[in-house]
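As the structure is a computational prediction, the values presented were derived from the model and not from experiment. Every chain is numbered from 1, with letters handed out A, B, ... down the list of sequences.
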Amino acid sequence: MNMQMTSQVDSASDAAQAGPVIEARDLNLVFGSGETSVHALKDINLNINKGEFVSFIGPSGCGKTTFLRCVAALETPTGGSLSVNGMTPEQARQSRAYGYVFQAAGLYPWRTIAKNIKLPLEIMGYSKAEQDQRVAEVLELVELAGFGGKFPWQLSGGMQQRASIARALAFDADLLLMDEPFGALDEIVRDHLNEQLLKLWARTNKTIGFVTHSIPEAVYLSTKIVVMSPRPGRIHEVIESTLPRERPLDIRDTPEFIEIAHRVREGLRAGHGHD
Amino acid sequence: MKTVVAVLTVVAAIVGLWYIACVPMNIKGVLDAAERAGEQVEPATARERREASALGLVAQNSFAIDRVWSVDRPRLPAPHQVVVELWQTTVMKKITSKRSLIYHAQVTLSATLLGFAIGTGLGILLAVGIVHSRVMDMSVMPWAIVSQTIPIIALAPMIIVVLYSIGVQGLLPKAIIAAYLSFFPVVVGMVKGLRSPDHMQLDLMKTYFASGNQVFWKLRLPSSMPYLFTSLKIGIAASLVGAIVGELPTGAVAGLGARLLAGSYYGQTVQIWSALFAAAILAALLVALLGLIERVLLGRMGVKA
């Protein structure tokens with residue numbers, strides 16, 4: 001069952017928004033050609049509206065990261081259309097429309113945390129005063145105030161990843177793309193960061209695209225869960241979350257949460273069945 | 001403490017082997033001198049001794065063993081002879097004296113440093129070009145590699161002659177030979193260093209829509225620093241070798257190379273060895289100095305000490 005997604009504006013999000021932030025129509029991406037070609041994305045149709053938190057979940061090879069990279073114009077689709085803020089992904093990249101958080105924090109070891117966060121600001125030509133002010137703001141946002149002068153190796157893995165999120169938040173991009181940002185962290189740290197991320201999302205009202213392997217993480221965070229399946233990479237099902245936007249960690253023990261997690265698991269299983 | 005003992009043990013072993021090696025190396029010379037002085041040696045004539053093995057001579061003339069470490073022009077000088085020579089030609093001589101090793105070392109050092117500066121500058125420029133241009137990568141790199149397959153001892157006289165014919169002499173030809181040897185490790189290390197940022201870091205720059213210049217100054221150049229310093233250490237040692245080799249074919253009157261050459265003309269092995277040691281000490285000092293600069297700079301860049 002392939003649920004076609006049309007604009008379903010979340011009551012909490014901005015209904016006045018002209019169009020979806022991300023709109024994919026029959027998107028295809030084939031790597032290589034001939035017998036060795038890989039169909040990484042097949043007929044992707046998806047709308048993401050402003051203020052949504054959308055998770056992409058699926059086994060490796062399902063194209064979830066590839067889709068995110070297409071949105072970021074780090075990969076070029078071979079067919080169909082994709083728009084970001086009404087522009088092509090390339091135009092969106094050039095207008096610095098999104099912040100991207102990678103699986104590894106990727107902080108520069110020769111820069112302090114504050115200087116790392118300044119990196120995009122320096123590149124984008126923000127004034128010195130503006131840089132300092134924004135660094136202070138985002139450090140506070142990810143609860144790293146006071147750590148600006150530390151070097152990355154002086155911080156734990158979880159703190160480093162928070163710093164890399166702060167780096168992606170430092171400039172004015174309404175869209176945050178996160179590629180398994182907490183994949184390398186342990187469960188407890190991960191829970192904590194998930195909770196923080198939700199708060200941050202509520203405060204900033206950003207649109208978030210989030211790639212993950214973890215069912216509880218996807219269900220806990222998302223307003224919309226995109227279940228994908230591999231070979232060729234395609235959307236198997238899109239599940240709208242019925243959970244409230246306000247989510248304490250113990251919401252994960254409610255029947256509603258367990259019900260959604262169950263649906264995601266069933267979707268993943270069915271998606272695998274196509275092989 | 002344990003490591004100090006271990007290091008000293010190794011040094012002592014090397015010095016010990018050296019002293020032992022002096023015995024067979026110098027025994028013939030000692031016996032020749034003894035024969036001339038009218039002493040009874042076995043076998044009695046120089047011709048017979050030439051046929052005999054060194055170890056055999058040592059066994060037959062054990063009275064002469066203690067003399068092998070104090071020969072005037074030994075085949076292999078004893079360590080203390082070299083140390084005494086080093087002391088007398090550095091501390092005990094005025095720096096302006098033509099017999100001062102410090103004077104000669106300073107002549108070689110200036111050519112080394114100039115050559116090192118030229119070589120490093122050229123190496124970095126070439127590396128930047130190679131990393132940014134595929135054409136340069138394919139056209140320059142092979143020549144850089146080929147250049148290092150030519151023995152410098154064969155090339156040095158030609159460089160001197162060619163430069164002399166266009167009126168360049170003195171410090172510069174030596175520096176150019178030094179640069180010729182030192183640019184290569186810098187190119188190789190710097191290319192590796194500038195290419196060291198991984199895909200993720202380059203992608204990150206792409207998401208910021210950073211220009212090529214920004215990627216270079218903010219990512220590639222800082223990433224290359226550890227590689228650069230490794231190359232610089234190899235480069236400066238190579239530079240010193242180049243400067244010394246550059247002094248050999250010119251019949252230069254000053255410099256460690258000139259000192260080596262003079263020593264070999266007159267059979268002054270002690271002088272040769274002390275010049276060799278002076279060169280080695282100079283190289284060690286230069287490398288240590290670079291190591292210090294590296295520590296300070298990378299430390300300031302936040303690299304864990």
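- The contact between B:Ser223 and chain A is made by backbone and side chain atoms together, counting heavy-atom distances below 4.5 Å.
- Of all residues in residues 116-130 of chain A, those placing a non-hydrogen atom less than 4.5 angstrom from a non-hydrogen atom of chain B are A:Leu119, A:Pro120, A:Glu122, A:Ile123, A:Met124.
- Residue B:Met225 does not touch chain A at all, counting heavy-atom pairs closer than 4.5 Å.
- Residues of residues 173-182 of chain A lying under 4.5 angstrom from chain B, judged on non-hydrogen atoms, do not exist here.
- In this structure, B:Tyr208 and A:Phe171 have side chains that are in contact, with non-hydrogen atoms separated by less than 4.5 Å.
- A:Trp110 CH2 to B:Leu297 CG: the interatomic distance, rounded to the nearest 0.5 Å, is 12.5 Å.
- Take B:Glu294 and apply the side chain to side chain donor-acceptor pair (under 3.5 Å) test, not counting sequence neighbours, and it matches B:Lys233.
- Counting only residues at least two apart or on different chains, the side chain to side chain donor-acceptor pair (under 3.5 Å) pairs with a member in residues 188-206 of chain B are A:Arg69-B:Asp203, B:Asp137-B:Arg195.
- Dense packing is recorded around NZ of B:Lys218, with more than 12 heavy atoms of other residues, nucleotides or ligands lying under 6.0 Å away.
- Without hydrogens or angle criteria, A:Arg96 side chain to B:Phe209 main chain gives a donor-acceptor distance under 3.5 Å.
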